[in-house]
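Counting convention: from 1, in listed order, for ligands and their atoms alike.
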Amino acid sequence: MSEKTTAAATGASATEHFRATVNGAADVPPERVDALVNDVLQSVHATIRAHRVTYSEYDALKAWLIQVGRDGEWPLFLDVFVEHVVEEVATAGRAGSKGSIEGPFYVPGAPEFGADATLPMRDDEQGVRLTLHGQVRSVDGTPLPGAKVDIWQDDAAGFYSQFAQNIPEWNLRGVITADENGRFRIRTIQPTPYQIPIDGATGALIRAANWPAYRPAHLHLKVSAAAHQQITSQLYFPGDPHNETDIADAVKPELILQPTPAADGIDVEYDFILDPA
Ligand code: DHB
Ligand code: FE
């Protein structure tokens, strides 16, 4: 890579992308704003009292908040430290498969493929070959023909296309349409543990607190079918030491794959069970 991928560059792309695709101005009723903001502020006030926060610590906080914005890192920071609880609350009533956080790097509109697909990748794409196959079913066991599996992941160097330099636009991203039995087969590479960009404001915090800066290797997926609730999920690999220390707290036991060796790499089977809408 000639140009370096910096936290500020990744953050700026993530911020730009969020602003272009998500309606952040959605109406939240005043009673909700009042209740939520009051509770957050009361927690902050309680923390200040409990820890006898000093003016120099208060100024460090201000400087840091300003820098997170300047680096465009709010999407990265929030998705790492907050989204997992929003996901937990949003999916608490589900009977089907567990999900996980979306994170900051999803891009809608990836190239579409049939039920047996190879994700777009470079001729010299590095990494262990991985085949992910399975079936999409409803909670009552009925297969869901034509279900969509939208998948995205990092490359062997830990970078996501469209958020790092010099990677083809849709590299390791695709939308697979399952067959008439809800089955799909996706050929890709094994993803890599992802290091939170450490040269920006989020990295400064991680270093200042002496926290681990990694997410375990993961595949991201959105699985949807007619008349069913979409699942946003992540799949992980057994034995990854970062599974226990994921900085985004987004690993669940149900999301850890059981790979088996294949001639050209590894093979994993995983079914998705969707709740009716
Ligand atoms: C972040 C990156 C990820 O790949 C992910 O899945 C979640 C969060 C981040 O850098 O904020
Ligand atoms: Fe990710």
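Centred on the Fe ion (ligand 2), the NE2 atom of His218 and the OH atom of Tyr160 lie at an angle of 90°, reported to 10°.
For atom 4 (O) of ligand 1, the nearest non-hydrogen atom of the protein is Tyr160 OH, 2.9 Å. Atom 1 (C) of ligand 1 has as its closest protein heavy atom Pro104 CD, 3.4 Å. Nearest to atom 5 (C) of ligand 1 among the protein's heavy atoms is Arg215 NH1, 3.5 Å. In this structure, the protein non-hydrogen atom closest to atom 2 (C) of ligand 1 is Tyr194 CE2, 3.3 Å.
Under 4.0 angstrom from ligand 1, the non-hydrogen atoms of Ile196 all belong to its side chain.
Between the side chains of Asp71 and Gln67, at least one donor N or O lies within less than 3.5 Å of an accepting N or O. Defined by atom type and a distance below 3.5 Å, a donor-acceptor pair is missing between the side-chain atoms of Glu112 and Thr177.
Distances below 4.0 Å separate heavy atoms of His218 from the following atoms of ligand 1: 4 (O), 6 (O). In summary, the atoms of ligand 1 found under 4.0 Å from a heavy atom of His220, numbered by their order in the structure, are 4 (O), 6 (O). For ligand 1 and Gly103, the ligand atoms under 4.0 Å from any heavy atom of the residue are 7 (C). Interface of Gln234 with ligand 1, defined as ligand atoms under 4.0 Å from a residue heavy atom, comprises 6 (O). Atoms of ligand 1 found under 4.0 Å from any heavy atom of Leu76, numbered from 1 in the order shown, are 10 (O), 11 (O).
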Open item on the list: For Leu132 and Leu221: C-alpha separation, side-chain torsions, deciding distance, then whether side chain to side chain contact (heavy atoms under 4.5 Å, CB included) applies.
Closed with: CA-CA 11 Å; Leu132 168 71; Leu221 305 107; 4.0 Å; yes
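Aromatic ring pairs are classed by plane angle as parallel below 30°, tilted from 30° to 60° and perpendicular above 60°; the pair Tyr106 and Trp152 is tilted. Aromatic ring orientation, Tyr160 versus His218: tilted (interplanar angle from 30° to 60°). Ring orientation note: the planes of Phe163 and His17 are nearly perpendicular, at an angle over 60° on the 30°/60° scale. The aromatic rings of Phe81 and Phe77 are tilted relative to each other, their planes meeting at an angle between 30° and 60°.
Between Pro193 and Asp240, the closest side-chain pair of non-hydrogen atoms falls below 4.5 Å. Proximity of Lys98 to Leu255: side-chain heavy atoms (C-beta onward) are separated by under 4.5 Å at one or more points. Residues Leu172 and Glu125 form a side-chain contact, since some pair of their non-hydrogen atoms from C-beta on lies under 4.5 Å apart.
Taking each of Ile247, Thr10, Asp79, Val80 in turn, the one with a heavy atom nearest to atom 9 (C) of ligand 1 proves to be Val80.
Taking 4.0 Å as the cut-off, Glu83 does not count as a neighbour of ligand 1 on heavy-atom distance. Residue contacts with ligand 1 leave out Phe77, since none of its heavy atoms falls under 4.0 Å from the ligand. Residue Ala248 places every heavy atom at 4.0 Å or more from ligand 1. Residue-ligand proximity: Glu102 is placed with every non-hydrogen atom at 4.0 Å or more from ligand 1.
Here Tyr194 fails the criterion, with no N, O or S atom under 2.8 Å of the Fe ion (ligand 2).
Using a 4.0 Å cut-off between a side-chain N of Lys or Arg and a carboxylate O of Asp or Glu, Glu269 and Arg185 do not qualify as a salt bridge.
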